[in-house]
Amino acid sequence: MITSVIKTTDPTQAATQGAAILRAGELVAFPTETVYGLGADGLNGAAVDKIFLAKGRPNDNPLILHVARPQDAFALWDGEPPFARALMDTFWPGPLTLIYHKAPRIPNEVTAGLSTVAVRLPESAVARELILAAGCPIAAPSANLSGKPSPTTAEHVYADMAGKIPLIIDGGPCRYGVESTVLSLVGIPTILRPGAVTREMLAAVIGEVALAPSILQPLQKGETAASPGMKYKHYAPSAQVQVVVGEPAAAARRICELYDGLIAKGKTVRIAATAEAAPFYGSRAYALLGRRLEPISLCSGLFRLLRELDEGADVILAEGVAPQGAGLAFMNRLLRAAGFQVEYV
Ligand code: AMP
Ligand code: MG
C-alpha cells in the first residue's frame, strides 16, 4: 500500500480527504495536541480491527473514541458520568480522556470487550474538522507500532506506518507531545494514565482524585491493570535506560559518575538531560529533554530522544524529577522506558 502524506496548509481539504478514507473503512493518521493518532470509524468494528493489525497492538488493549462536540460524547456512554459536565466545561477541548460505562452501540473492538469506553474531545482544529467531516466518532490510539514511543511528528508516524495505511495528515509537531490524561469516572474518580491535565488541575474542579497504583510502579503480582495499556512494557527502547532522580546538581553528579564508569568499560552512553542540569555535564555527550520548570516539555523530549538515541546507544542515563504536576506524566513514561530502574540522590 502506498502511504500519502498531506500537509494541513488547507485543513478543510485535509479533513475532507481523510474523512472519505475513514468512511470507506480505512485508516488515517492525524495530528492532535497530544500525539499523532491512528484513526478508524469508531462505529465500524471491521475498520477498528485494522488499527490493531497495523500497530501490532494486543487485542485486549482498548482504544479512545474522539468526538468533536460534547453532546456526541454523551451518546457514547450509558447514562451521564458523575462530574462529566464540570470536567468537560473546564478541560474540553483538550488532553483529558473520560471513561464511563459504554452505550450498547459501541463495537467490542473499540473497548476490547470491556464494559466501559474512553472518550476525548481533542483541541487540535484539524482533528476536530476530520471528526466532523467523517460524521462519526473516530477510534484512535497513538499512531506508533506497539512497543515504540508515541509519535509526536508526522515523520515518526511515517517511520512506523509507511506501507500499512493510506494517509498521514501532517500537522507539524504536537503541542504537548504526551498522551492524554485518562480519568475513570466509574466509582471514585481515578487517574489511570497521567498527562498534561494534572491531578492538581482535576482536584481543583472535582475534589480528591485517586491515582492508579501502576502509574509509578510495575504491576504487582495478582493485580489487574485498571487500564490495560499499563500492563504492557511501553516505550521500551533497545538501549538500557537508567534513571537518577534528584536536584539538578546532585542528579548530574551521580550521572557523571555512572557515565565515566560505563565509558571506561567501552560502552556507548548518552545522557538525557534537563536544561537546569545541562551545565554540569561538561564535555560529556548529552541530549536535552526539556526544562524542569515546564515538565510537560520533558515528555515530548523523552519520546523524541527514545527514537533518536536508541540507534547506537547501549545505555541512556536520564534525569528524573518530582512526580508533581506534569512531572507525574513524565515520570510515568520514563520509569516504564527504564523498566523501573531508578535511583534517588
Ligand atoms: P493510546 O491512545 O495508544 O494511548 O491508548 C489508549 C489508552 O487508553 C490505553 O492505555 C488504554 O489501555 C486506555 N483505555 C482505553 N479505553 C479504556 C477503558 N475502557 N478502560 C481503561 N483504559 C482504557
Ligand atoms: Mg499508545
Side-chain angles (χ1 to χ4, degrees), residues 27 29-40 42 48 51-52 54-67 73 76-78 81 84 95-103 106-122 124 127 137-152 156-157 160-161 174 176-197 210-215 219 223-236 299-300 302-303 306-307 329 332-333 336-337:
L27 307 185
F30 63 98
T32 79
E33 72 280 15
T34 58
V35 300
Y36 274 75
L38 182 60
V48 171
I51 294 178
F52 288 87
K55 282 179 60 88
R57 185 178 176 98
N59 59 10
D60 64 349
N61 193 4
L63 310 179
I64 294 169
L65 286 179
H66 294 71
V67 296
L76 302 173
W77 289 314
D78 184 13
L96 175 67
T97 296
L98 299 176
I99 291 183
Y100 196 59
H101 303 293
K102 75 175 187 121
I106 312 292
N108 273 327
E109 287 83 352
V110 170
T111 59
L114 294 180
S115 60
T116 54
V117 67
V119 183
R120 180 165 103 82
L121 199 165
S124 152
I138 297 184
S142 50
N144 52 289
L145 288 174
S146 235
K148 288 253 196 159
S150 292
T152 58
H156 293 164
V157 180
D160 282 8
M161 291 297 152
C174 301
Y176 295 113
V178 64
E179 306 91 339
S180 59
T181 303
V182 175
L183 181 71
S184 169
L185 295 175
V186 177
I188 298 166
T190 304
I191 296 178
L192 306 184
R193 176 177 74 185
V197 173
L211 286 185
S214 56
I215 286 176
L219 210 57
E223 180 189 348
T224 37
S227 183
M230 286 290 188
K231 75 173 180 239
Y232 295 107
K233 201 180 168 208
H234 265 324
Y235 324 116
C299 296
S300 53
L302 177 68
F303 289 162
L306 287 180
R307 278 181 182 266
N332 168 258
R333 301 334 186 254
R336 298 195 120 60

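Start at 1 with the first residue, then count along the sequence. Read the numbers this way: they start at 1 and go in the same order the structure lists the ligands and their atoms.
Looking at residues two or more places apart in sequence or on another chain, you find a side chain to side chain donor-acceptor pair (under 3.5 Å) between S180 and T97, R193. Every residue two or more places apart in sequence or in another chain that forms a salt bridge (charged side-chain N to carboxylate O under 4.0 Å, His left out) with E33 is listed here: R120.
The N/O atoms of R193, backbone and side chain alike, include one that comes under 3.5 Å of an N/O atom in ligand 1.
Within the coordination shell of the Mg ion (ligand 2), defined by N, O or S atoms under 2.8 Å, N144 is absent.
Proximity of N144 to F303: side-chain heavy atoms (C-beta onward) are nowhere separated by under 4.5 Å. You'll find the side chain of V182 reaches within 4.5 Å of the side chain of I99, heavy atoms only. Looking at heavy atoms from C-beta onward, V110 lies in side-chain contact with L65 at the 4.5 angstrom threshold. Residues P141 and I51 are in side-chain contact: their nearest non-hydrogen atoms beyond the backbone lie under 4.5 Å apart.
Between S146, S142, S150, S184, it is S142 that holds the heavy atom closest to atom 3 (O) of ligand 1. Taking only non-hydrogen atoms, the option from N144, I99, T111, L65 nearest to atom 20 (N) of ligand 1 is I99. Looking at K102, R120, H66, R57 and measuring to atom 6 (C) of ligand 1, the nearest heavy atom belongs to R57.
Listed by atom number, the atoms of ligand 1 under 4.0 Å from N61 heavy atoms are 9 (C), 11 (C), 12 (O). Residue L114 has at least one heavy-atom neighbour below 4.0 Å for each of these atoms of ligand 1: 18 (C), 19 (N), 20 (N). Residue-ligand proximity, L192 to ligand 1, at heavy-atom distances under 4.0 Å covers atoms 21 (C).
The parts of T116 lying near ligand 1 are both backbone and side chain, judged by heavy-atom distances below 4.0 Å.
Distances shorter than 4.0 angstrom occur between a heavy atom of L63 and an atom of ligand 1.
S150 and E179 are linked by a side-chain donor-acceptor pair at a separation below 3.5 angstrom, with hydrogens and angles left out of the test.
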